[in-house]
Engineer: 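Here it is, the structure, as structure tokens.
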Amino acid sequence: MTAIKPVLNRPEICAGGCRFFGETDNMSGGPVVTFDNRETIYEKDYPARYSYKVIEGAVRTFRVLTDGRRQILDIFLPGDTFSLELAEIHVATAEAIGQAKLLRCPRSCIRRQCVQPDIYDSLMQLVNGYLCAAQDHVTMLGHLAAKERVACFVLRVTRGSVQHANKTYLLPYCRQDIADYLGLTIETVSRTLTDLKISGVIALPARNCVTVRDFDALKRAAGGAC
């Protein structure tokens, strides 16, 4: 993992007009950057100059514990934003999963735009989404059994989509990523996915895909937590 050198924090704006709060299908403003698989986007405790929106691929944020274990805090997919924390330094490390294409926006540009009520409201919605996701994650790690955690994770993958039986969803991350996010071993994740497959709740047409056969049964498996 290559360390990113700290840089001085100075006012910046997106050249050509900021598109951070716009749709990802029009990236006419703001620099688009690409990271290769496992490439570091930023490191924990380094100065936080930019916020990001995922255009293609996926990103994981994580912390490494003193004993070497990794706890994934969140996984971001196309359309998701990250690195909006208010601290002046990053609270976690961000790394690309596969090749990730991101819209990068200086935080000073975001702060400048927040004088506009609609932009401020959009920012507050994003921050509220982060808080809700963090609360859900804490609840999951502290109270749910392994099967409930895995079922919740599969339901999370389907968010933002029309949920209907036999629809296949891409899993752009490996079993180890899922395990580190759910606080489980990779063996437990694989075994639980297989159990859900055998019971007819899901199908696994490929290692990086999941097909939901029965959403009602999947929600029951999640114990009503998602």
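It should be emphasised that the depicted structure is a prediction, and the values quoted were computed from it without experimental measurement.
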Engineer: Which pair of heavy atoms, one from A92 and one from L73, lies closest together, and at what distance?
Structural biologist: CB-CD1, 3.7 Å
Engineer: Can you list the residues that meet the ring pair (Phe, Tyr, Trp, His ring centres under 6.0 Å) rule with F76, with sequence neighbours excluded?
Structural biologist: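 In terms of ring pair (Phe, Tyr, Trp, His ring centres under 6.0 Å), with neighbours along the sequence ignored, F76 is linked to F82.
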Engineer: Would you check if L182 and M140 make a side-chain contact, meaning some heavy-atom pair closer than 4.5 Å?
Structural biologist: yes
Engineer: Examine distances only and state if a side-chain atom of R104 and a backbone atom of P31 form a donor-acceptor pair shorter than 3.5 Å.
Structural biologist: no
Engineer: Apply side chain to side chain contact (heavy atoms under 4.5 Å, CB included) to N37 and list each qualifying residue two or more places apart in sequence or on a separate chain.
Structural biologist: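 Once residues adjacent in sequence are excluded, N37 has no partner under the side chain to side chain contact (heavy atoms under 4.5 Å, CB included) criterion.
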Engineer: Minimum heavy-atom separation for I41 and A96, please, with both atom names.
Structural biologist: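 Looks like CD1-N, 4.0 Å.
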Engineer: Decide yes or no for V115 and R112: does some side-chain heavy atom of the first lie under 4.5 Å from some side-chain heavy atom of the second?
Structural biologist: no
Engineer: What heavy-atom pair brings A146 and T188 nearest, and what distance separates the two atoms?
Structural biologist: CB-CG2, 3.7 Å
Engineer: Would you say the side chain of R60 lies within less than 4.5 Å of the side chain of Y173, judging by non-hydrogen atoms?
Structural biologist: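 Answer no - side chains too far apart.
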Engineer: With sequence neighbours left out, write down each residue that passes side chain to side chain contact (heavy atoms under 4.5 Å, CB included) with R207, or none if nothing qualifies.
Structural biologist: R175
Engineer: Are any of the side-chain heavy atoms of R156 and I75 separated by less than 4.5 Å?
Structural biologist: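 Answer yes - side chains close enough.
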Engineer: Can you say whether the rings of Y169 and F215 are parallel (under 30°), tilted (30 to 60°) or perpendicular (over 60°)?
Structural biologist: perpendicular
Engineer: Checking side-chain hydrogen bond (donor to acceptor under 3.5 Å, both in side chains) for the pair T93/Y46: CA distance, chi angles, key distance, verdict?
Structural biologist: CA-CA 9 Å; T93 296; Y46 273 60; over 6 Å; no
Engineer: Residues two or more places apart in sequence or in another chain: which of them pass side chain to side chain contact (heavy atoms under 4.5 Å, CB included) with C174?
Structural biologist: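 Q176, D177.
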Engineer: So which heavy atom on A151 is nearest to which on A222, and how close?
Structural biologist: CB-N, 3.6 Å
Engineer: Tell me, please, which residues at least two apart from T168 pass side chain to side chain donor-acceptor pair (under 3.5 Å).
Structural biologist: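 T168 satisfies side chain to side chain donor-acceptor pair (under 3.5 Å) with T211 once adjacent residues are dropped.
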Engineer: Thinking salt bridges, do R63 and D180 make one under a 4.0 Å N-O criterion?
Structural biologist: no
Engineer: Out of curiosity, S122 OG to Q116 CD, how far, rounded to the nearest 0.5 Å?
Structural biologist: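 One gets 10.0 Å once the value is rounded to the nearest 0.5 Å.
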Engineer: So do F35 and L102 actually touch side chain to side chain, heavy atoms under 4.5 Å?
Structural biologist: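 Counting from C-beta outward, L102 and F35 do come under 4.5 Å.
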Engineer: Ignoring hydrogens and geometry, is there a side-chain-to-backbone donor-acceptor pair from S83 to Y50 under 3.5 Å?
Structural biologist: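 Side chain of S83 to backbone of Y50, a donor-acceptor pair under 3.5 Å: yes, one is there.
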Engineer: Are Y42 and V91 in one and the same hydrophobic cluster, where Ile, Leu, Val, Met, Phe, Trp and Tyr link if side-chain heavy atoms are under 4.5 Å apart?
Structural biologist: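 Result: no, two separate clusters.
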Engineer: Okay, side chain of D36, backbone of E39: is any donor-acceptor separation there less than 3.5 Å?
Structural biologist: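 No, D36 side chain to E39 backbone: no donor-acceptor pair under 3.5 Å.
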Engineer: Quick one: side chain to side chain contact (heavy atoms under 4.5 Å, CB included) partners of S51, sequence neighbours excluded?
Structural biologist: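 By the side chain to side chain contact (heavy atoms under 4.5 Å, CB included) rule, S51 matches F20, L84, R107, I110.
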Engineer: The test is side chain to side chain contact (heavy atoms under 4.5 Å, CB included); show your working for V64 and R69 and say whether it passes.
Structural biologist: CA-CA 6 Å; V64 178; R69 289 177 298 161; over 6 Å; no
Engineer: Could you tell me whether a side-chain N or O of T158 sits under 3.5 Å from a main-chain N or O of L155, the two making a donor and an acceptor?
Structural biologist: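 Between the backbone of L155 and the side chain of T158 there is a qualifying donor-acceptor contact (under 3.5 Å).
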Engineer: For the CG atom of D214 and the CG atom of N166, what is their distance to the nearest 0.5 Å?
Structural biologist: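 Taking CG in D214 and CG in N166, the distance rounds to 9.5 Å.
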Engineer: Taking atom CG of L126 and atom CG of D121, what is their separation to the nearest 0.5 Å?
Structural biologist: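 CG of D121 is found 11.0 Å from CG of L126.
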Engineer: For the residue pair I55 and L103, what are the closest heavy atoms and their distance?
Structural biologist: CD1-N, 3.8 Å
Engineer: Does the side chain of Y120 come within less than 4.5 Å of Q113's, by heavy atoms?
Structural biologist: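 Of all side-chain heavy-atom pairs linking Y120 with Q113, none is under 4.5 Å.
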Engineer: Where do L204 and C209 land on the side chain to side chain contact (heavy atoms under 4.5 Å, CB included) test, with the steps shown first?
Structural biologist: CA-CA 6 Å; L204 300 170; C209 295; over 6 Å; no
Engineer: Hey, any chance I178 and I186 share a hydrophobic cluster, counting ILVMFWY side chains that come within less than 4.5 Å of each other, even indirectly?
Structural biologist: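 No, because I178 and I186 fall into different hydrophobic clusters, even though each may have its own neighbours under 4.5 Å.
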Engineer: Walk me through it: do T61 and I72 pass the test side chain to side chain contact (heavy atoms under 4.5 Å, CB included)?
Structural biologist: CA-CA 6 Å; T61 56; I72 290 183; 5.8 Å; no
Engineer: Taking C-beta and beyond as the side chain, do L184 and V150 meet within less than 4.5 Å on heavy atoms?
Structural biologist: yes
Engineer: Side chains of N208 and L170, heavy atoms from C-beta outward: is any pair under 4.5 Å?
Structural biologist: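 N208 vs L170: side chains touch.
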Engineer: Nearest heavy-atom pair of E148 and G223: which atoms, and what distance?
Structural biologist: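 Between these two residues, the closest heavy atoms are OE2-CA, 3.9 Å.
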Engineer: To the closest 0.5 Å, what do you measure between CZ (R213) and CD1 (I202)?
Structural biologist: 10.0 Å
